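This report concerns only the one structure given below.
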Amino acid sequence: MNKKGAVMHWIMLGVLIAIAVFFIAAKKPLTTEIKGEWSADFLKDNYLEAEKEILTEEIVLRNVGMEVAKELAENGGLSKDIISECETIDNINLWNSKDKWCLPNVSKNVNEEVIIKLKTRIQEAKFSEAGFNDSILFAKGEKKEITSKAGKYIYDTSAGVDLGYSFEEYEKLKSEAEKLVSICKNKKKLIECLENNKPTYWKLGSCEQGEEVYTPNIRKIVFCVESPTNYYLVSHVSFLLVWELVKYKLALDFAPTNVFPIENLMVVSENDEYKITFDQDEMATAYKIYYTDWDVTNHIPNDVGSVFRDLPKDRALRVYETILISDANNLKCEEKKEFNKAYLCNGKILYNLADAKIKKERIYFLMVTTIVKDTESDIGSFAELK
Amino acid sequence: MRMNKRGMMDDFFDFIFTAIAAFFLFSFIFWTLDYSVKDSNEESMAVLKNYQRLDSAVSNLRSEAYLGYNLEGADLDAKIKESKILGGKTITDCPDYVKEGDCTNNPVGLYSWAKSFCRWNEERKKCERITLA
């Protein structure tokens with residue numbers, strides 16, 4: 001080998017040694033870059049951080065939704081501590097008063113209550129609107145951005161959770177309430193009517209005691225309505241999860257638009273006296289007794305004007321008398337009863353009628369009406385004075 | 001040009017030397033590149049597995065809240081970071097245990113530092129977190 005060839009060999013060996021020294025000194029392999037490093041960093045530092053924030057919002061929104069659902073149900077669909085325009089009975093909001101309806105605007109109440117609660121519990125995010133669609137409760141939030149070494153990530157802070165409960169249940173309750181009031185408001189035996197017509201999940205009385213709240217003269221009834229769809233809401237008692245059936249507390253006013261005709265009218269004659277009895281109407285402010293020898297029986301039942309429409313105007317042709325028993329709420333029961341005076345004994349109105357105009361040989365027809373303030377009831381029945 | 005026998009032998013040894021040197025050189029380069037790629041793959045997989053664990057932890061907490069557990073005010077970051085994988089499933093909190101044995105033994109070591117523990121609810125067939133007051 002000549003000199004030039006020997007140098008070439010040593011150069012080759014030198015190159016090999018140089019490469020080996022380089023790798024050993026560098027102490028790391030040639031390609032150390034992680035595949036998809038940017039993507040992984042972006043997911044971890046941006047997307048995951050955004051997901052964590054949305055998770056926090058969802059957790060709070062779920063709790064807020066449960067709280068709002070309970071508060072609204074306990075206050076007849078109105079926000080906590082809000083009193084119905086139709087007023088209350090036993091601190092329970094009325095959904096109606098006479099002909100006026102004050103049904104709760106649940107969408108508006110949910111929106112307001114959820115936004116207020118979210119603002120106090122999540123200061124970092126701003127929510128503009130809250131609402132529900134079936135069992136989904138949502139809150140519309142603003143757009144936020146997260147910037148990291150991987151870049152900028154813009155995300156929507158709006159959140160939505162499935163509560164397992166729908167505020168739309170109120171629509172069903174509203175229509176059932178309207179139906180119940182229209183069926184029973186002009187029924188004298190209100191409780192009987194309610195028992196026969198209310199859905200089974202409508203319970204009379206308060207949710208706590210289950211007692212019937214019924215004030216006869218007022219006809220305002222408290223209901224405890226169990227969720228028709230069997231919705232449950234969770235609450236945390238100590239360390240336990242307690243699922244409770246949703247119960248709505250509300251009251252309805254069954255104030256009648258008509259005055260009820262009197263019932264169980266009876267007349268017993270003794271000599272020239274006639275003992276008249278009929279059922280007391282707890283709403284009556286007065287009673288009016290009519291008697292005539294003109295046969296009006298074909299026109300009964302009817303309103304007073306129609307019953308006496310064909311009555312001759314000439315007083316010589318007939319007997320037609322009226323007696324007004326005023327102050328119906330202050331009648332008392334006394335052992336000794338005077339003539340032509342009304343008494344209230346054991347839920348019956350008693351009146352001893354004596355009138356010289358009544359002739360034994362004729363038949364007279366006696367009718368009684370109830371008067372509530374300025375409205376007089378129809379004539380529902382009659383009794384004969386013989 | 002005529003080559004004598006010695007010249008031919010020199011050329012032969014030169015060839016053998018070059019071949020051996022090239023073999024070692026290429027072997028070294030191949031080993032280095034292969035090692036680097038494998039190492040890179042392993043690191044990528046580790047990063048992805050870690051991300052998957054964190055992402056699963058977020059999902060676990062979401063479903064835990066759906067079950068009714070109150071996570072409001074809880075340190076979600078800590079729960080997510082401390083979540084561990086057991087049998088391919090990410091365990092973030094007690095309800096993530098699906099077997100009674102796992103729930104009772106708590107192999108992942110949840111709440112080793114807190115006044116909470118996991119308890120199997122036989123009636124609901126679920127693992128529940130109990131927090132002492």
Side-chain angles (χ1 to χ4, degrees), chain A residues 1-2 5-6 8-9 11-13 15-16 19-20 22-24 26 28-37 39-45 47-64 66 121-122 161-164 232-236 238-243, chain B residues 6-7 9-11 13-14 17-18 21-22 24-25 28-29 31-48 50-52 54-55 57-62 64-74 76-77 79-80 115-116 119 121 124 128-133:
Chain A
M1 198 183 291
N2 60 15
M8 283 294 288
H9 282 97
I11 287 171
M12 197 71 112
L13 197 65
V15 168
L16 274 174
I19 291 169
F22 169 75
F23 282 119
I24 290 162
K28 62 179 187 177
L30 268 178
T31 315
T32 53
E33 280 182 14
I34 303 164
K35 291 187 187 79
E37 187 178 17
S39 311
D41 285 346
F42 188 80
L43 285 171
K44 187 168 169 286
D45 298 336
Y47 174 74
L48 196 68
E49 289 302 313
E51 280 296 294
K52 279 197 266 185
E53 193 177 328
I54 291 170
L55 172 65
T56 307
E57 287 173 12
E58 285 178 2
I59 288 167
V60 176
L61 181 63
R62 178 180 304 281
N63 286 352
V64 164
M66 296 273 181
R121 280 146 83 162
I122 309 176
V161 288
D162 187 349
L163 282 185
Y232 281 77
L233 291 172
V234 71
S235 55
H236 304 97
S238 185
F239 56 82
L240 294 172
L241 296 180
V242 180
W243 292 88
Chain B
R6 193 178 164 197
M9 284 296 288
D10 273 355
D11 284 353
F13 281 114
D14 283 352
F17 179 83
T18 308
F24 281 110
L25 181 65
F28 187 76
I29 290 171
W31 174 82
T32 309
L33 288 175
D34 185 52
Y35 173 79
S36 303
V37 169
K38 275 184 181 165
D39 190 52
S40 170
N41 283 351
E42 276 171 18
E43 277 199 50
S44 297
M45 288 306 291
V47 167
L48 277 178
N50 186 46
Y51 171 75
Q52 193 181 20
L54 299 175
D55 192 43
V58 172
S59 300
N60 285 348
L61 291 173
R62 186 169 274 129
E64 192 179 335
Y66 182 80
L67 289 172
Y69 289 92
N70 188 10
L71 294 170
E72 191 173 349
L76 298 183
D77 262 335
K79 277 177 180 287
I80 291 166
K115 289 180 179 175
S116 299
R119 189 187 68 176
N121 185 329
R124 299 177 67 200
E128 292 179 338
R129 170 167 36 92
I130 304 295
T131 304
L132 300 175

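Throughout, protein chains are lettered first and strands after them, A, B, ... in sequence-line order, and every chain is numbered starting at 1. Given the structure is predicted, the values throughout are model-derived calculations rather than measurements.
To the nearest 0.5 angstrom, A:Asp45 atom CG is 11.0 Å from B:Tyr51 atom OH. For the atom pair CG (A:Leu163) and OH (B:Tyr66), the distance works out to 10.0 Å, reported to the nearest 0.5 Å.
Both the backbone and the side chain of A:Glu51 come within contact range of chain B, with heavy atoms under 4.5 Å apart. Contacts between A:Ser39 and chain B at a heavy-atom distance below 4.5 Å are absent for every atom of the residue. The contact between B:Leu76 and chain A is made entirely by side chain atoms (from C-beta outward), counting heavy-atom distances below 4.5 Å. Only the side chain of B:Asn50 comes within contact range of chain A, with heavy atoms under 4.5 Å apart. Both the backbone and the side chain of B:Val58 come within less than 4.5 Å of a heavy atom in chain A. Of the two parts of B:Ile80, only the side chain, counted from C-beta on, holds a non-hydrogen atom closer than 4.5 Å to a non-hydrogen atom of chain A. Both the backbone and the side chain of A:Asp162 come within less than 4.5 Å of a heavy atom in chain B.
Side-chain contact between A:Leu55 and B:Leu71 is absent, with no heavy atoms from C-beta onward closer than 4.5 Å.
By number of non-hydrogen pairs under 4.5 angstrom with chain B, the leading residue of A:Val234, A:Leu233, A:Val161, A:Leu43 is A:Leu43. The greatest number of non-hydrogen atom pairs below 4.5 Å with chain A, out of B:Ala74, B:Gly73, B:Ala65, is found for B:Ala65. Of all the listed residues (A:Met66, A:Lys44, A:Arg62), the one sharing the greatest number of non-hydrogen pairs under 4.5 Å with chain B is A:Arg62. Highest contact tally toward chain A, considering only B:Val47, B:Leu48, B:Leu54, is held by B:Leu54 [criterion: heavy-atom pairs under 4.5 Å].
Within a 6.0 Å sphere centred on CZ of B:Phe24, heavy atoms belonging to other residues, nucleotides or ligands number 12 at most. By the 6.0 Å contact criterion, CZ on B:Phe13 is open, its count of non-hydrogen atoms from other residues, nucleotides or ligands being 12 or less.
Listed by chain and number, the residues in a salt bridge (Lys or Arg N to Asp or Glu O under 4.0 Å) with B:Asp77 are A:Lys52 (sequence neighbours excluded). Under the salt bridge (Lys or Arg N to Asp or Glu O under 4.0 Å) criterion, A:Lys35 pairs with no residue at all, not counting sequence neighbours.
Of all heavy-atom pairs between A:Tyr47 and B:Asp55, the closest is CE2-OD1, 4.3 Å.
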